[in-house]
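Here the structure is laid out as structure tokens; the discussion comes afterwards.
Both ligands and their constituent atoms are indexed starting at 1 by order of listing.
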Amino acid sequence: MSYQATWTNEKINKNETSKLKTDGLDVFKMLPDLIKKPFPEIDKSYYMYFKYAGLTVQKPQDAGNFMMRIKVPGGILTVAQATHLAKIAETYGHGYIDLTTRQSVQYHWIPFAKLPEIFAGIENVGLTTTGAEGDITRNVIGNPLADIDRNELFDTQPLVDQVNQRFQGNRDYSNLPRKMKISINSNLFNAGNAEINDLAFTPATKLTDNGKIQGFNVKIGGGLGAMPFLGLAMDIFVRPEQVADVSEAVVSLYRDYGYRRNRSHARLKFLIKDWGVAKFETKLRALMPDLLTAGHDEVIGWSNGTALGLHPQRQAGFYYLGIGIPSGHLAAEDFKAFVALAAQYGHNELRLDHNQDLIIPWLAQADLAAIQASPILQKFSATDQTLMSMGTTCTGAEYCNLANAHTKELFEPLFHTLDDRFNFSNPPRITLTGCGNGCAHRAIADIGIEGTTGKTLMGERVEAYKLSVGGSLLNGGHFAIPLKGKVSQIQLADALTAILSDYQNHKIDNENFYNY
Ligand code: SF4
């Protein structure tokens with residue numbers, strides 16, 4: 001299936017003019033010549049194209065280093081792939097790898113001149129940076145526990161792979177108004193974070209003349225960022241075999257009708273806000289007339305796609321182990337130790353969840369004691385749900401050009417302090433971001449911390465933080481409510497302590513933060 005592009009917006013922004021002349025995927029043709037130049041001589045108009053190769057120019061901008069993101073569809077890695085990811089960190093990335101909230105991995109300090117050999121190595125293990133950023137369909141996310149999950153209708157990883165393949169390198173869909181995020185999940189606890197994706201397939205059942213069938217309902221137009229929107233339900237039911245075609249039809253509508261005048265008003269959510277879901281659905285049904293009306297929604301809760309701790313798999317006798325990685329920032333040598341555990345005891349596989357954590361599946365009951373005694377699991381928590389393991393953070397001021405405040409360096413000392421002060425059986429989820437964008441999902445956190453700036457009494461401009469509370473994707477979702485005022489970095493631990501103490505002292509039994 002392929003829908004011919006028909007978009008005719010008359011007024012378009014500067015990026016759109018460039019993309020009309022040169023497709024974003026042509027970045028790979030540009031790179032060999034660009035690499036021959038000293039980086040400061042490269043015109044900044046190329047920076048937009050680098051994104052299509054998963055590359056963002058890192059601070060300071062003239063130094064020629066990149067943040068590089070690699071897509072991992074559904075978050076599933078083989079041991080060979082994970083071994084290579086560790087090697088990239090050791091060889092080019094100053095020894096570290098970062099796990100993201102969309103089942104991808106990122107590096108910093110990637111040197112411009114080494115990109116050809118880095119890309120060749122990534123391709124060699126069946127991964128890619130293509131489309132990890134840019135105005136294109138991004139990493140397709142899914143249930144981190146697909147196929148091993150006791151709480152899913154059916155295995156959705158084949159569909160994640162199919163949709164990823166449909167768009168990978170596909171020039172029919174490489175010039176979108178902005179990014180397009182797709183989630184495919186049949187876990188009953190919304191492990192795919194449906195409402196914060198542009199297009200989300202959620203578990204549903206439908207009574208038909210042939211009996212009850214399993215498939216998906218669909219939510220459309222979600223997204224975080226400075227103006228967050230929750231995805232809204234369409235009145236359609238999608239059979240598993242229709243998922244790739246529906247994805248393509250939706251992306252074609254976004255390509256053709258999405259706004260291209262102002263980039264901060266170009267995500268699909270703005271089109272849905274203006275059109276309403278019904279008009280979008282009418283357009284979709286014109287392309288796919290056979291779609292049934294929505295089925296029974298099977299979602300019964302929200303897990304944030306987090307899978308910490310040791311749990312039995314759907315397959316009797318096997319367990320998966322979810323390991324909290326503080327701020328998702330992992331030394332290559334530690335990552336290699338986890339890969340070695342997966343190679344020795346698992347089924348050649350590691351997984352990434354939506355909370356910047358690692359999962360090792362397929363562990364046999366007989367091996368669990370040996371696994372839990374391994375040195376790497378003395379260093380990382382795989383049993384406790386702590387504020388640290390539940391927390392997430394974005395890149396922040398150390399590397400991100402948009403950040404107002406630091407995050408990753410702050411994360412561990414801050415969360416150590418909080419974990420020393422509290423011991424929750426069901427810890428609230430706290431996220432720390434360097435600005436008002438949505439990279440660490442601040443708007444759906446129990447407590448969101450947003451980096452900003454403030455002035456001291458002496459008039460000095462310093463990093464500061466705004467707080468918000470009560471975000472969740474339970475029952476269709478609710479964004480965190482901002483609290484008044486700002487706190488300085490040294491006030492942050494005490495401000496969070498005051499909020500957490502209130503929760504601890506007033507919650508009823510195991511009431512979670514959102515309900516309290
Ligand atoms: Fe950068 Fe802001 Fe995203 Fe953090 S949330 S990585 S500071 S853009």
Side-chain angles (χ1 to χ4, degrees), residues 15 47-48 50-51 54-61 65-71 93 96-110 129 132-135 138-139 141 178-179 181 193 196-198 222-229 263-267 269 304 325-330 352 354-356 391-412 414-415 429-445 447-454 461-468 471 479-480 482 486 489 492:
N15 286 32
Y47 289 12
M48 174 196 84
F50 292 149
K51 298 241 175 203
L55 301 167
T56 298
V57 180
Q58 182 181 307
K59 292 197 308 192
Q61 290 207 346
N65 293 313
F66 287 86
M67 185 282 281
M68 179 179 76
R69 186 177 296 155
I70 299 176
K71 296 198 299 189
Y96 281 91
I97 184 168
D98 284 280
L99 314 183
T100 80
T101 50
R102 291 197 88 249
Q103 298 182 300
S104 296
V105 298
Q106 291 181 177
Y107 301 87
H108 297 282
W109 303 109
I110 296 296
T129 64
E133 297 185 68
D135 300 340
R138 300 290 187 83
N139 191 42
I141 63 165
R178 283 289 305 272
K179 58 191 164 189
K181 295 179 174 177
N193 287 341
I196 59 169
N197 283 269
D198 296 279
L224 296 176
M227 290 179 65
F229 283 69
R263 284 185 65 75
S264 61
H265 200 256
R267 289 281 299 274
K269 58 192 180 185
N304 185 40
I325 308 298
S327 74
H329 193 54
L330 189 56
L352 311 175
H354 297 285
N355 201 56
Q356 302 177 322
T392 55
T393 185
C394 75
T395 301
E398 191 179 359
Y399 302 116
C400 176
N401 296 308
L402 302 176
N404 299 315
H406 285 77
T407 56
K408 294 253 172 187
E409 310 90 312
L410 199 63
F411 186 91
E412 283 208 51
L414 175 65
F415 280 75
R429 211 164 49 79
I430 305 175
T431 74
L432 171 58
T433 60
C435 80
N437 281 328
C439 306
H441 299 176
R442 176 182 45 81
I444 57 167
I447 304 174
I449 310 168
E450 173 189 335
T452 181
T453 54
R461 188 159 287 280
V462 292
E463 294 185 1
Y465 297 88
K466 294 193 277 191
L467 302 177
S468 52
F479 289 133
K486 304 172 188 177
Q489 203 176 91
L492 194 49

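Using cut-offs of 30° and 60° on the angle between ring planes, the pair H329 and Y96 is parallel. H108 and Y399 have parallel rings, their planes meeting at less than 30° on a 0 to 90° scale where 60° marks the start of perpendicular.
A search for salt bridge (charged side-chain N to carboxylate O under 4.0 Å, His left out) contacts involving D198 returns R267, not counting sequence neighbours.
Judged purely by distance below 3.5 Å, without hydrogens or angles, the side chains of R138 and N197 never pair a donor atom with an acceptor atom.
Counting only distance, with no hydrogens or angles, the side chain of T452 and the backbone of A464 share no donor-acceptor pair below 3.5 Å. Within the 3.5 Å criterion, the main-chain N or O of I449 finds a donor-acceptor partner in the side chain of T433.
Here the protein contributes C439 SG as N, O or S atoms under 2.8 Å from atom 3 (Fe) of ligand 1.
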